[in-house]
There are 2 protein chains.
Amino acid sequence: MDHIQDVLVALRRVIRATDLQSKHLVKTASLTAPQLMVMQTLRDRGAIPVGALADEVSLSQATVTSIIDRLEKKQYVGRERSKQDKRKVLAFITDEGLDKLKTAPTLLQESFVRQFSYLQEWEQTMIISALQRVAQMMDAQHIDASPFLDVGALDRQTEQRTPLPYDDK
Amino acid sequence: MDHIQDVLVALRRVIRATDLQSKHLVKTASLTAPQLMVMQTLRDRGAIPVGALADEVSLSQATVTSIIDRLEKKQYVGRERSKQDKRKVLAFITDEGLDKLKTAPTLLQESFVRQFSYLQEWEQTMIISALQRVAQMMDAQHIDASPFLDVGALDRQTEQRTPLPYDDK
DNA sequence: CCTAAATATTTTGACTAGCAAACAATCTCA
DNA sequence: TGAGATTGTTTGCTAGTCAAAATATTTAGG
């Protein structure tokens with residue numbers, strides 16, 4: 001009957017688990033969740049300006065600046081002023097950073113991925129479509145709460161990556 | 001074929017959405033995610049000692065102390081030394097806190113809940129069981145990573161609430 | 001060409017979250 | 001009664017987070 005309660009409880013458990021996971025990450029890899037996010041983004045997008053990076057990870061520019069500060073100190077990322085537009089600072093991931101990404105975060109997903117791969121094909125498909133449905137509804141929720149009119153909102157509900165490197169012109 | 005990628009992407013989207021949601025919470029309700037967690041726990045469990053509370057929310061005692069400090073300043077929770085064992089400090093939620101809980105966090109889930117309720121019965125069931133499956137696998141992951149042998153681990157994989165009030169003897 | 005507005009980043013200031021270690025109060029049990 | 005265990009708070013440190021101010025650069029008008 002009261003499916004709503006069930007779905008909220010399940011969701012809370014998922015959130016809780018990711019929370020603990022992120023805590024575990026800090027301990028084992030000495031990387032925080034936002035630091036990891038930034039590094040992954042830089043790996044996928046190449047050298048991009050701090051502002052674009054901030055948009056990607058949904059943090060303020062100031063916050064990203066401070067995260068980059070720390071990652072730079074650890075040599076996992078670097079900074080370079082754009083030659084085309086000297087206001088821009090391009091952030092990029094270093095070889096050390098790539099190395100780190102290869103080891104650290106995989107560990108975390110390992111067990112989950114393994115268990116998932118043991119599931120039947122139909123179960124995998126079911127879970128994926130359910131998760132996508134949930135994500136979509138949660139995205140929409142976020143858009144609902146948005147203070148301004150956002151015409152492109154509906155388009156964005158489906159996953160849309162832009163794997164092209166940032167065009168620094 | 002590569003369902004693993006799909007499930008990780010979907011999961012990341014869900015996590016991302018909850019992240020944005022939590023940020024939205026801070027802005028609209030001036031409550032942070034951990035503060036909300038603490039208040040919800042106190043609502044569900046009644047007056048419990050700080051240590052028990054810390055266990056529930058998986059934070060250190062010291063951290064919970066500081067969160068309670070802030071919530072107490074806002075009058076959302078209170079403290080009371082246990083009469084039975086004067087080492088213990090019982091935290092409880094105030095009427096103001098209950099009020100706050102009634103308004104603030106519901107708003108956030110509103111849109112999601114509404115959309116969910118529009119789904120077909122079978123879809124709801126499917127989503128719930130998928131989410132439970134995922135939560136279970138993620139819990140197990142956490143248990144895998146646990147540094148010590150934990151005999152009770154398997155029992156705990158199914159949701160088990162203890163709605164009984166804390167027995168302060 | 002020069003200046004005002006727009007753009008991009010960093011700095012500053014002020015919180016919150018987190019934890020470990022030290023400390024204080026209280027309880028337990030021999 | 002007194003030593004060790006339990007429970008909470010305090011202290012000291014790191015990180016995340018943002019808004020607002022400061023800085024540097026580019027662009028658009030005149």
Side-chain angles (χ1 to χ4, degrees), chain A residues 16 19-39 47-74 76-92 166-169, chain B residues 19-39 47-74 76-92 166 168-169:
Chain A
R16 180 50 145 336
D19 199 54
L20 295 177
Q21 186 173 301
S22 136
K23 230 171 269 176
H24 186 238
L25 167 73
V26 175
K27 278 192 194 139
T28 57
S30 40
L31 275 182
T32 66
Q35 284 174 3
L36 188 65
M37 260 194 329
V38 164
M39 286 175 65
I48 56 172
V50 176
L53 180 54
D55 285 347
E56 289 268 330
V57 298
S58 295
L59 296 174
S60 77
Q61 218 158 324
T63 300
V64 169
T65 291
S66 79
I67 291 172
I68 291 183
D69 283 346
R70 282 182 278 275
L71 287 178
E72 200 176 24
K73 210 175 296 175
K74 293 185 195 170
Y76 292 155
V77 308
R79 279 179 161 105
E80 190 186 10
R81 276 221 116 81
S82 162
K83 294 198 178 63
Q84 283 74 25
D85 182 342
K86 292 208 204 86
R87 291 169 304 181
K88 294 182 182 172
V89 171
L90 304 179
F92 57 90
Y166 174 79
D167 183 11
D168 177 33
K169 186 160 51 67
Chain B
D19 200 54
L20 295 177
Q21 186 174 303
S22 136
K23 228 171 270 175
H24 186 239
L25 169 72
V26 175
K27 277 192 195 138
T28 57
S30 39
L31 275 183
T32 66
Q35 285 173 2
L36 188 64
M37 257 195 331
V38 163
M39 287 175 65
I48 56 172
V50 175
L53 179 54
D55 284 347
E56 289 269 329
V57 299
S58 296
L59 295 174
S60 77
Q61 216 158 11
T63 300
V64 170
T65 290
S66 79
I67 291 172
I68 291 183
D69 283 346
R70 282 182 280 273
L71 287 178
E72 201 176 22
K73 209 174 296 173
K74 293 184 195 170
Y76 293 155
V77 307
R79 279 178 161 107
E80 189 185 11
R81 276 221 116 80
S82 161
K83 293 196 179 65
Q84 283 74 24
D85 183 341
K86 292 207 205 86
R87 290 168 305 181
K88 294 182 181 173
V89 171
L90 304 180
F92 58 90
Y166 174 80
D168 177 32
K169 184 161 52 67

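Just so we're on the same page: letters track the sequence lines, and every chain starts at 1.
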Between A:Thr32 and B:Lys27, which has a closest nucleotide on DNA chain D that is more 5'? A:Thr32
Need two values: the first and the last nucleotide of DNA chain D, 5' to 3', having an atom under 4.0 Å from any heavy-atom of chain B. D:dT6 to D:dC18
Pick the nucleotide of DNA chain C nearest each of A:Lys23 and A:Asp69; which residue has the one closer to the 5' end? A:Asp69
Please name all residues satisfying side chain to side chain donor-acceptor pair (under 3.5 Å) with A:Ser22, sequence neighbours left out, ordered by chain then number. none
Do the non-hydrogen side-chain atoms of B:Pro49 and B:Arg87 ever get within less than 4.5 Å of each other? no
Classify A:Arg81 by what it touches in the nucleic acid, base, sugar-phosphate, or nothing, heavy-atom distance under 4.0 Å. nothing
Measure from the side-chain N and O atoms of A:Arg81 to the backbone N and O of A:Val89, and report whether any donor-acceptor pair falls under 3.5 Å. no
Over how many whole Å does the gap from A:His24 atom NE2 to C:dG18 atom P extend? 17 Å
Taken to the nearest whole Å, CG/B:Leu31 to P/C:dT16 is 11 Å
Could you check if a side-chain atom of A:Ile48 sits within less than 4.5 angstrom of a side-chain atom of A:Lys88, using non-hydrogen atoms only? no
Tell me every residue that passes side chain to side chain donor-acceptor pair (under 3.5 Å) with A:Thr63, counting only those two or more places apart in sequence or in another chain. A:Ser60
Round to a whole Å and report the spacing from CZ of A:Arg70 to C1' of C:dT10. 14 Å
So if I take residues 58-66 of chain A and measure heavy-atom distances to DNA chain D, which residues fall below 4.0 Å? A:Leu59, A:Ser60, A:Ala62, A:Thr63, A:Ser66
According to side-chain contact (heavy atoms from CB on, under 4.5 Å), who are the partners of A:Lys74, at least two apart in sequence or on a separate chain? A:Leu31, A:Gln35, A:Tyr76
Can you tell me the distance, in whole Å, between the CG atom of A:Leu90 and the P atom of C:dT10? 11 Å
Whichever of B:Val50 and A:Arg87 has its nearest DNA chain D nucleotide further upstream toward 5': B:Val50
May I ask you to decide if A:Gln61's main-chain N or O and A:Thr65's side chain share a donor-acceptor pair within less than 3.5 Å? yes
So how far is it from A:Met39 CE to A:Ile68 CD1, rounded to the nearest 0.5 Å? 11.5 Å
Applying side chain to side chain donor-acceptor pair (under 3.5 Å) to B:Arg79 and not counting sequence neighbours gives B:Asp69, B:Glu72
